[in-house]
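For reference, the structure is listed below as structure tokens.
Order of listing sets the numbers, starting from 1, for every ligand and every atom in it.
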Amino acid sequence: MKYFSLNNREHTSNFENAVVRGLAPDKGLYFPENIDKLPASFFNNIQNLDKTEISFEAIKSFVGNEISNSALIDIIDQTVDFEFPIVEINDRIGSLELFHGPTLAFKDVGARFMAGSLGYFIKKGNLGKITVLVATSGDTGGAVANGFLGVEGIDVVILYPKGKVSEIQEKQLTTLGKNITALEVKGTFDDCQVMVKKAFLDSDITNERKLTSANSINVARWLPQMFYYLFAYKQLQKMDKKLVFSVPSGNFGNICAGLMAREIGLPIDHFIASNNANDTITSYMETEEYKTKPSVATISNAMDVGDPSNFVRILKLFKHDHAYLKEKFSAYSFNDEKTKNSMREVYSETGYIMDPHGAVGYLGLQKFLQTNPDYYGTFLETAHPVKFLNTVEEAINNKVAIPDSIQSLMEKQKKSLQISNYEDLKGYLLS
Ligand SMILES: *Cc1c(COP(=O)(O)O)cnc(C)c1O
């Protein structure tokens, strides 16, 4: 499969180089040249397919012949070896739980698939050693650390803002050891991000180390996120209503993967981007004017993004046709107060505990259904409530049961290196 840069259609790449580079050399995001529809027989037969078979059919054209079928099946097997249930909230709304993976958030899927793909290319070829350099506001770090742990030929360096991630998130990225190094930055997530971007452009570093990033701009992290929309459809096929998905969105990688699943034929009628106070896209949908804003901190911190990097892919998918986009895609924003209220309400009415990200998704769905009653709605519950324990317990005014895996994680020893500025990072990478 060929990919082209959204900055310049002439700049193309195969799958392997798109995965190794992350961004195109002209800094554009990669986008597939062809998007083939799956045959109707695939959807007619989906009840008879298992998770690996469904995922394989969805992704194989995007990988092409660059990974052998048997290796691709192995990578998929390891990527989706947990459950993706839809839990009924009421007769019109279900919660698609994406947090049953090892780090309790949906990013496990993309991180594992990318680790598998990159590991395959390293084993096969002469890429040499690769350093995955990534900044995290919380969930990316843990998922990437876990996905890449022990993968031959890859070192992982994670920057995270000191004191600004939850305790569980910190443990998930600082306790693994082996090829994973956590750098604790005195600063904000934006500072971490700026340092990472600078390192990618610093030839002193790139002459010494081959760097790649592992955020959702990478096609190997972005595209496998199609899988769970297909797993969800398998559970929803029996509904005789139009389907709508509400996706709590930050960098818009997840929802953009859902739109790709629609593009390959999944019969989803509408998508809702549910946002917290970071409302760049909500404003864009109203004004058609794209104005980035500095990010503001919220209780759904994985969505505190002021300039969502994947939105250009969404515009491309909709051929920059605003009317067409509006027909199939809505965006809403909710503040922390509303988010907490919805957590409390849903808990007291149904006993279901939402995390703050899922709660934003729920709110978006509820708003859409008010004016579109003929739909069945699914919101993506992107993280386990225990990852945001304090916020959740305060909102529902009750205790949350802690899974065993988290109990043992909390007893592990944190290991990190403290850094204060770019020179510290550079010094570490050159050491
Ligand atoms: C990363 C993350 C999001 C946002 O996903 P995007 O693909 O960046 O839009 C939402 N919820 C949780 C829990 C996350 O970790």
Step-by-step side-chain hydrogen bond (donor to acceptor under 3.5 Å, both in side chains) determination, Y229 to R262 = CA-CA 9 Å; Y229 293 93; R262 198 178 79 93; over 6 Å; no
Less than 3.5 Å apart, N/O on ligand 1 and N/O on the protein: could you list those pairs with the distances?
from     : atom 1 : to   : atom 2 : distance (Å)
ligand 1 : 7 (O)  : G253 : N      : 3.2
ligand 1 : 7 (O)  : N254 : N      : 2.9
ligand 1 : 8 (O)  : N251 : N      : 2.8
ligand 1 : 9 (O)  : G250 : N      : 2.8
ligand 1 : 9 (O)  : N251 : N      : 3.3
ligand 1 : 9 (O)  : F252 : N      : 2.8
ligand 1 : 11 (N) : T382 : OG1    : 2.9
ligand 1 : 15 (O) : K107 : NZ     : 2.5
ligand 1 : 15 (O) : D139 : OD2    : 2.6

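With sequence neighbours excluded, the residues that form a salt bridge (Lys or Arg N to Asp or Glu O under 4.0 Å) with R112 are D81. With sequence neighbours excluded, the residues forming a ring-ring contact (aromatic ring centres under 6.0 Å, His included) with F388 are H357, listed by chain and number.
Listed by first then second residue, pairs satisfying salt bridge (charged side-chain N to carboxylate O under 4.0 Å, His left out) with a partner in residues 351-367 number zero, not counting sequence neighbours.
Considering T140, T174, D139 as possible partners of Q169, the one that fulfils the side chain to side chain donor-acceptor pair (under 3.5 Å) test is D139.
Cation-pi geometry between K198 and Y422 is met: under 6.0 angstrom from the ring centre, within 45 degrees of the axis.
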